[in-house]
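Step one of this worksheet: look at the structure below.
Note that the structure is predicted; figures quoted are calculated from it, not measured. Protein chains get the first letters and strands the later ones, always in sequence-line order, with residue 1 at the start of each.
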Number of protein chains: 2
Amino acid sequence: MEITETYARAHELLKKAGLRPTRQRLGLAHLLFDQGNRHVTAEALHSEAGKASLSVSLATVYNTLHQLTEAGLLNQVNLEGASTYFDTNLEPHGHFYFIDRQQLMDVPAPGIDKSVLPAPPDGTEISRVDVIVTVRDVRK
Amino acid sequence: MEITETYARAHELLKKAGLRPTRQRLGLAHLLFDQGNRHVTAEALHSEAGKASLSVSLATVYNTLHQLTEAGLLNQVNLEGASTYFDTNLEPHGHFYFIDRQQLMDVPAPGIDKSVLPAPPDGTEISRVDVIVTVRDVRK
DNA sequence: ATTTGTGCAAATCGTTTGCATCTGA
DNA sequence: TCAGATGCAAACGATTTGCACAAAT
């Protein structure tokens, strides 16, 4: 079959990451990268894969998400209580976290970057900066 | 017994929080608030309590930390991989997270407050802002 | 006396791992 | 061929919960 076209982008990204383009990884990369910026949990992606008739185990979803993260194709976002999200947006940015809906939204210009931050102690360097603005529904 | 003096501050804080000054809570509050700003995990506090001959179960440590957090006496800090930290510093501030040592350090004046941040969508309000600067040892 | 807190152990949840089996280059 | 990938189920670690007992008002 000519899945070639549909998965071209996914295939290329996997290649760039040095990961074998297996059926599972192609499918997952397609779900992740062929529909604009996304915030997904492993659970959510796994269930999406199921709906798309892609047979993958949850363990493999976790593996793949981590491999893509390590390859710099995803960002990991850690939240209180909720499970870990993976973000396809690679630009430096922050997040609104809607705690009532457990949903994430990018904050384009969080006004916080290395320039506002004190230098870290000698012998260390900044690895990443996470800005999470937790937001809740206004209670009347 | 005259634990009164030693625990005066802890007692007062618990009262303010509307929590019964039980032996466990007094002891934990004492450990938390009577030695300057601290960053502790539930595990760490539990083991500290043990060393201080305060008999408390881990479950009670968790309960107490959450109650104090709810009362606004502690801030919760969520980190990737590691367990949750509780911070006695109530001023708005960020954190350096030394990932190699799993240690936290306050980032004093990062110029981070609601004023730099975009307003959240209508019907929602900012509940908290977390700035975590992950720092790693420089590898040569 | 009543309410609230505590300890324990079992349960839960997200995530990881071990290992036998498959699959892509 | 055969290193690398996958699936399953069991293991995990942090946290929570249910419930009988104990302590504070």
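Here salt bridge (Lys or Arg N to Asp or Glu O under 4.0 Å) pairs that include residues 81-106 of chain B, with residues two or more places apart or in two chains, number zero. Every pair passing side chain to side chain donor-acceptor pair (under 3.5 Å) that includes a residue from residues 57-72 of chain B is listed here, sequence neighbours excluded: B/Arg25-B/Gln67, B/Ser57-B/Thr60. For residues 33-45 of chain B, the pairs satisfying salt bridge (Lys or Arg N to Asp or Glu O under 4.0 Å) are B/Arg9-B/Asp34, B/Arg38-B/Glu48, with sequence neighbours left out.
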Write down the protein N/O and nucleotide N/O pairs, taken from nucleotides 22-25 of chain C, whose separation is under 3.5 Å; answer none if there are no such pairs.
none

Between the protein and nucleotides 15-19 of chain C, which nitrogen or oxygen pairs come in under 3.5 angstrom?
residue : atom : partner : partner atom : Å
C/dT15  : OP1  : A/Thr84 : N            : 2.9
C/dT15  : OP1  : A/Thr84 : OG1          : 3.0
C/dT15  : OP2  : A/Tyr62 : OH           : 2.5
C/dT15  : O5'  : A/Tyr62 : OH           : 3.0

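Other residues sharing the hydrophobic cluster of A/Leu90, ordered by chain and number and joined by side-chain separations under 4.5 Å: none, the residue standing alone.
Scored by the salt bridge (charged side-chain N to carboxylate O under 4.0 Å, His left out) test, A/Glu12 finds no partners at all (sequence neighbours excluded). For A/Pro120, the side-chain contact (heavy atoms from CB on, under 4.5 Å) criterion is met by A/Thr124, A/Ile126, B/Phe96, B/Val135, not counting sequence neighbours. In this structure, the side-chain contact (heavy atoms from CB on, under 4.5 Å) partners of A/Leu104, at least two apart in sequence or on a different chain, are A/His39, A/Val77, A/Leu79, A/Tyr85, A/His95, A/Tyr97. Under the rule for a side chain to side chain donor-acceptor pair (under 3.5 Å), A/Ser83 has no partner lying at least two apart in sequence or in another chain. A/Arg136 pairs by the side chain to side chain donor-acceptor pair (under 3.5 Å) definition with B/Glu125, not counting sequence neighbours.
Counting 5' to 3', DNA chain D first comes under 4.0 angstrom of a heavy atom of chain A and last does so at the ends given by D/dA3 to D/dC8.
What separates CG of B/Leu14 from C1' of C/dG5 is a distance of 12 Å, to the nearest Å. If you take CD of B/Gln24 and P of C/dC8, they are 10 Å apart, rounded to a whole angstrom.
The two atoms that bring A/Ala17 and A/Leu73 nearest to each other are CB-CD1, 4.0 Å, heavy atoms only.
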